[in-house]
Amino acid sequence: MKRFILALIWICAAAVQPVFAQSEIGYVEDFTGVPENYVVTRGTDTVPLQLLMPVYAGDLIEALTDKGRVTLRLVDLSEPVIWSRADRRTAITSQATEGASWSSILTATMAAISPFDRQKRARVLTAIRGDDGDFGIPLLQSGQTLAAGQRSISLGWTKSSTVTEISILARNGKKLVNRAKGVGGLWMSPQINLKPGRYRIVVSGGGVQVTGEIEVIAAEALPQVPTDLRVGNVPDTLARVAKAAWLAGQGSGQYRLEALQFIADDRSRPATVLTDALIAGQPIQLAQ
Amino acid sequence: MADGIMRAAASGAPQRLTAPRFAIIDIDDATWIDWDSPLVTPRNRLADLIDHVARSSPALIIVDVDLAFPGGGGESRLQSLLETYGKSVSGEVPPLILVRSLKPTNRAIDITPRETGGISVEETTNVHWALPSFLRDEDGIVRRWQLATLVCAGDAPVIVPSVQLLAAWLFLGRSGDDLARALQPLRSPNCDSPASDANIRLGLGSETGMLPAMRAEKTIEINTSDLSSRIMYTIGWQADQPAFGPRVGDSYKIISRSAKTVLKLDEGDSIPGIGGRIALIGGTFRDSGDWYRTPLGDMPGVMILINATDALIQHGTLKEPSTPLQLALALTFILVVALCVGWLRAPVSSAASLIAIGVITAASVPLFRSGILFSVAIPALVIVLVDIVLTLLEDIDTMRRLGWRWIFRHVRPSEPHEEIKR
């Protein structure tokens, strides 16, 4: 019986083995001052201290100044360890152990018979994060004015996951764009010939149909950008964004769709911010 | 049962030197707080992380950050870095795998990749797009992967490989073009046709198996069976650890470095210690929404990718044992149950049979580590049915002998010799 018990103890002890020397057991997370203020000894070699360098069991780290501090992240410790000049003769070690091939069977078996002792529960907040709201086209909520000419027209809508069908019709019913597919919240039409007059944009999506009235006028009749916005040494991207923002703030908002045309295909950060704001119907107010 | 075998097989025993090793560049809670908890990963910081990792000679880089959502700032920096990366000579930089999520369409192929706001990168020999695609069961546990997904991109059907499939393929020295050609049978003619259910078997040209008798060619099988879609989890997540998992040589299989610390490096510096590893840049911060339940407990998405990629590289997809081995195991089990039933009372034979199941399950753990899953579901069902039938037979005999008095618990049938005495 005694031999059986001793054999069982030996088998269980063999399930865990200490980590041997020259095993990587962590890394250098931070240090004060410059690397030259430290000496790292690994076996018989000296290695330079580096941020994020691995540390091995048995390494010695000596701070050459009293204020020198090295922050280490070591295996099996959830908090960082601070190494100072006082630790220069202390070899870095780890409490980690190495499992045997069958040790997991014991662990899994013990875990299976103790499910009622403790349960991990995590807080959940039952709300959607990053949701882009309901489908809508704030750009068409009020009549819009566009410049005439041979051009593409861009249009945006909220809830970018909604697939839409877009049609642009002249007053006589002639379809300049017939049921084009729009995805991703922003759409650009093919080149169409917009002559002065009245048009309708019909957008279907998310079970909803929205119709917007568009008045097309000669480009010269649009509000003209003031001279103080035409600064020669501003990059084109910023100039277009500035012009679009100015135009969107004019009148009672009837030029917002025209403003979008300046920046819809620009993926720079200022342009995309303004594009998103125009599509979402956010007010654009310029400081006086 | 498979979950239990996985937990039993998830040992810390050292692996062979050719086993893949991984490095996580972790956007952890400390990093996220340091960045003022933005809703979208700042693209300029992501660019810096990719730059540091690429200079550190990893085997390949996986960026497990969905690039579909615009905002966060720094798109132009990331765009510029990715364009330069894509134009680099093949072999000068490690392969880079990017991910983006999907959105619905109203066509027969009902998913399409989301636009990557401000980031436009074409696939080259150095830059690849993939999907971190997995399936969650009704109990909320992620047990299966989708190795390839058919999507409608623009107006054309495209097969997009999963991250784990592409990473395993590239790690084993194959080319992305070869994989794309091999997956073509899954493609349907257009976006309005249903997906093809073709079976695909990709040979990896090497063998797997712990014992010589079990060695077989490593293969990745798509659509061949439910078993081939099971993820073989072997390493659980350990938070706040710089290194964990089994050892490979003198280092741990997985090392983790906080992104906040990595960004303290000077521009142009490399990260020590990640050379030769598969590097993953991903978020484990609690607010990421990228946490899942698995047979080995809760883990972040980046850890599921590590388990999946490691399984594919080391074993290919899970297989059933060969027919002779299945027959041998089944016959052994049936013989044990028959002996127990023949010699022992019903409750005792049930207990003995359950112990036999436990022993066979433990014995099948080495098989599992070779990529072979032996199902004990049918033998377990046999035990339950045998127990029910034997108990029913005993009850019928007791009812026959007691008559109407059977309904009372305390009344027991008398022994035959007592009846003779009366």
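In what follows, chains are A, B, ... by sequence order, proteins preceding strands, each numbered from 1. Please read these numbers as outputs of a predicted model, since none were measured by experiment.
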Which atom pair, heavy atoms only, marks the closest approach of Thr261(B) to Glu29(A)?
CG2-O, 3.3 Å
Within the structure provided, determine whether Lys264(B) and Asp30(A) are in side-chain contact (heavy-atom separation under 4.5 Å).
yes
In terms of heavy-atom pairs under 4.5 Å with chain B, the winner among Leu74(A), Val273(A), Val28(A) is Leu74(A)
Spatial distance of atom CZ (Phe244(B)) from atom CG (Asp76(A)) [nearest 0.5 Å]
12.5 Å
Flag side-chain contact, heavy atom, 4.5 Å: Ile255(B) against Glu24(A)
yes
Considering only heavy atoms, which portion of Gln50(A) lies under 4.5 Å from any heavy atom of chain B: side chain, backbone, both, or neither?
side chain
The reported gap from CD1 in Ile271(B) to CG in Leu51(A) (rounded to nearest 0.5 angstrom) is 9.5 Å
What are the two closest heavy atoms between Gly26(A) and Arg257(B), and how far apart are they?
O-NH2, 4.2 Å
Shortest non-hydrogen contact between Met53(A) and Pro272(B), atoms and distance:
CA-CB, 3.8 Å
For residues Ser256(B) and Tyr27(A), report the shortest heavy-atom separation together with the two atoms involved.
O-CE2, 3.6 Å
